[in-house]
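Quick notes on the structure that follows.
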Amino acid sequence: VLARAFKLDLWLPNEAVRKLLGRLPTLPSMSSDYHLIVEALEAGDLDQAADRIATDPPLAAKTLQLANSAAWGPPLDESHPGRCARELGLSNLRSLLLLSHTYSAYRDLTNTGFDVAAFVARSRQTSQLARRIAESEAANASLADQAAGAGLLHNLGKLALAVNLPEKYRQVEARRSDGGLSSWEAEQDVFGATHGEVGGSLLALWGLPMPVIEAVAFHHHPTCLLTRNFSPLTAVHVATAFLSFPTLELARERIDVGYLGAVQTDQHLERWWACRLDLPEAPQPV
């Protein structure tokens, strides 16, 4: 616990993030996913429910939170939401769904410019691609699961900001469209913090495994992490860039090549790009 606390202290959020965290109580799920999961649980099909939870970013995050919390028992230090869901069982999952789901939260997103369907699709694709990149590096199963989990949750902070602070999030979208800023640059201007910091801080508060927290917090700024080995952060940083552009040449402009050099993977981009080629066409960035 002390080692974890000291490591978190290296990037604990500034005062702006601390204030934001107190204003982000809601993380809803897509209503279509919610209904399918409820049907599976009512039918007693734990495997189907677990598989669907593993592809829904908010429910995956809440499942990981519960499974890794002291309230459940000894923390599992688990990064795969499907396995966590199976471990928790039908009764606990039913309670989790009732506590975490709020349909009304999406009504305020209509005019924010935040596309929920694109958010979910991009999260799933990032998860798939991050896993493939990790596997291409012959990563062990644990690291590959962490890369996939972090890819699914990498934009969780963006959802939290849009759902809970829709008026201010409209300002973010306006700055993106009018000023040509990236999402994290516009968020920094409006909120004083980025979605990576917010998402990483939420996951840290929830007790998720450190590699997942780091990948979510730093996926736009990987050099902030002191570790100089291939990690889930490497896979998620590259996956988000690859899914934002149609060619490797354009994606290189978004990738921190200096960081890849530090982890001795700067010559692997062509191989990683091949992992992206057979994915469905990526939705527009959210």
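When a residue number appears, it is its place in the shown sequence, counting from 1. Given the structure is predicted, the values throughout are model-derived calculations rather than measurements.
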Under the side chain to side chain contact (heavy atoms under 4.5 Å, CB included) test, which residues partner R131, sequence neighbours left out?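 Only H80, E135, A144, D145, A148 meet the side chain to side chain contact (heavy atoms under 4.5 Å, CB included) criterion with R131.
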
Mind checking what makes side-chain hydrogen bond (donor to acceptor under 3.5 Å, both in side chains) contact with [X], not counting sequence neighbours?
X: H195; answer: N155, E187, H219, H220
X: E185; answer: S182
X: H268; answer: E137, R271

[X] side chain vs [Y] backbone, donor-acceptor pair below 3.5 Å:
X: R86; Y: G82; answer: yes
X: H221; Y: F218; answer: no
X: H237; Y: D256; answer: yes
X: S127; Y: S123; answer: no

If hydrophobic clusters are built by linking Ile, Leu, Val, Met, Phe, Trp and Tyr wherever their side-chain heavy atoms come under 4.5 Å apart, do L59 and L41 end up in the same one?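 The answer is yes; both residues are in one hydrophobic cluster.
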
Say whether V236 and V120 are linked into one hydrophobic cluster, either directly or through other cluster members, by side-chain heavy-atom distances under 4.5 angstrom.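 No.
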
Sequence neighbours excluded - salt bridge (Lys or Arg N to Asp or Glu O under 4.0 Å) pairs with any residue from residues 257-270: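 Sorted pair list: R252-E270.
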
Can you name the salt bridge (charged side-chain N to carboxylate O under 4.0 Å, His left out) partners of R124, sequence neighbours left out?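 Scan of R124 (salt bridge (charged side-chain N to carboxylate O under 4.0 Å, His left out), adjacent residues dropped) gives D33.
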
